Amino acid sequence: MAAVVLVHGLYHRPEHFALLAERLRTNGTEVAVPELHRGSLAADTAAVQAVIDALPEPPVVLGHSYGGSVITGVRGAAHLVYLAAFVLDAGESAASLGGASQQLKDAIVAEPDGSTTLHPGLAIDTLYGDCPEPLAAQAVGLLRAQAPGCGRGVPQHHSWKMTPSTYVICAQDRAIDPGLQRTMASRCTDVHEWQTGHSPFVGQPDLIVELLRERLLTRIAPSRNQVVTTTR
């Protein structure tokens, strides 16, 4: 059975995937969670590519939010899973698609060193508004500063054009416009729509475990653009 590689988004850390990774490992799945924030999209992509290259079999690779920009540029995945994530085409960047909600923009705080952070009180509702309060508070506490420029990076390779892919639309997302998510989802092999906020790996990790286990077991492309709506 192939491994799973989990790729986090801006302001996040590998530790945000702790519940999800724990459940996957309990089920016997090998899990790798590379750390991003290497200073550019190209550097973040190279860090994930190194993890993929070190695995004995092509893994299932999940990218959340900005992590979608990263996994778009990798090679050697068995299946790509975009979780409320950016599926970029030639010349596109996350910033150029303009998917950040006004609520997310309002939460961004410019720091004197040129980096940005998220205001904790605004971030908790924007990113984790549908998560249990203790888990949401823990997730906000893990958020880190973000160097400028990553969201403007343009992938040099577009893996979704050759590799089977699944898009998960988070229909209650307050950070990335669900309408934009639906547009980007049309580029993927199949589509699921969940009635969750931006971060189901915090509040509903079992949803993702189920999806990833299906992809690990099949590792084949389902019917193109089959939309599955989950009400949980």
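This structure is a prediction, so every number in the text was calculated from the model and none was measured.
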Are [X] and [Y] side-chain neighbours, meaning at least one heavy-atom pair lies under 4.5 Å?
{"X": "W160", "Y": "T189", "answer": "no"}
{"X": "L62", "Y": "I71", "answer": "no"}
{"X": "T116", "Y": "V109", "answer": "no"}
{"X": "V191", "Y": "T166", "answer": "no"}
{"X": "L10", "Y": "S65", "answer": "no"}
{"X": "F86", "Y": "V70", "answer": "no"}
{"X": "V168", "Y": "L207", "answer": "no"}
{"X": "L212", "Y": "L6", "answer": "yes"}

Just by modelled atom types, is the [Y] backbone N or O under 3.5 Å from a matching donor or acceptor in the [X] side chain?
{"X": "D130", "Y": "T196", "answer": "no"}
{"X": "T45", "Y": "L41", "answer": "yes"}
{"X": "S40", "Y": "A43", "answer": "yes"}
{"X": "T163", "Y": "S159", "answer": "yes"}

Inset, instruction - Return the set of residues passing salt bridge (Lys or Arg N to Asp or Glu O under 4.0 Å) with R23 (not counting sequence neighbours), or none when no residue passes. - result: D206
Legend entry - All salt bridge (Lys or Arg N to Asp or Glu O under 4.0 Å) counterparts of D89, not counting sequence neighbours: K161
Inset, instruction - State whether R182 and E193 are salt-bridged, where the test is any N-O pair (Lys NZ or Arg NE/NH1/NH2 against Asp/Glu carboxylate O) under 4.0 Å. - result: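 A salt bridge links R182 with E193.
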Inset, instruction - Kindly indicate, with the supporting measurements, whether the criterion side chain to side chain contact (heavy atoms under 4.5 Å, CB included) is fulfilled by R75 and H157. - result: CA-CA 8 Å; R75 301 174 187 269; H157 173 70; 3.2 Å; yes
Inset, instruction - Could I get the full list of ring-ring contact (aromatic ring centres under 6.0 Å, His included) partners for F201, not counting sequence neighbours? - result: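 Counting only residues at least two positions away or on another chain, F201 forms a ring-ring contact (aromatic ring centres under 6.0 Å, His included) with F17, H64.
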Please tabulate, for the side chains in residues 172-179, all donor-acceptor contacts under 3.5 angstrom to protein atoms that are two or more places apart in sequence or on a different chain.
from, atom 1, to, atom 2, distance (Å)
Q172, NE2, Q195, OE1, 2.8
D173, OD1, A175, N, 2.7
D173, OD1, I176, N, 3.1
D173, OD1, H198, ND1, 3.2
D173, OD2, Q181, NE2, 3.0
D173, OD2, H198, ND1, 2.7
R174, NH1, D125, O, 3.4
R174, NH1, D125, OD1, 2.4
R174, NH1, D125, OD2, 3.3
D177, OD1, G179, N, 3.0

Quick check for you: to the nearest 0.5 Å, what is the distance between [X] atom [atom1] and [Y] atom [atom2]?
{"X": "T126", "Y": "Q102", "atom1": "OG1", "atom2": "CD", "value": "10.5 Å"}
{"X": "D44", "Y": "S69", "atom1": "CG", "atom2": "OG", "value": "10.0 Å"}
{"X": "L19", "Y": "Q204", "atom1": "CG", "atom2": "CD", "value": "12.5 Å"}
{"X": "I124", "Y": "L127", "atom1": "CD1", "atom2": "CG", "value": "9.5 Å"}

Distance-only donor-acceptor pairs under 3.5 Å for side chains of residues 132-152, two or more places apart:
from, atom 1, to, atom 2, distance (Å)
Q146, OE1, Y11, N, 3.3
Q146, OE1, H37, ND1, 2.7

Inset, instruction - Using only heavy-atom distances, determine whether the side chains of T29 and N27 contain a donor-acceptor pair under 3.5 Å. - result: no
Inset, instruction - Describe, in one word, how the ring planes of H192 and W194 are oriented to each other, choosing from parallel (under 30°), tilted (30 to 60°) and perpendicular (over 60°). - result: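 Taking W194 first and then H192, their aromatic rings stand perpendicular (interplane angle over 60°).
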Inset, instruction - With sequence neighbours excluded, give me every ring-ring contact (aromatic ring centres under 6.0 Å, His included) pair touching residues 89-124. - result: none
Inset, instruction - Establish whether L20 and V31 are linked, either directly or via other cluster members, by ILVMFWY side-chain heavy-atom contacts under 4.5 Å. - result: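 Result: yes, single cluster for both.
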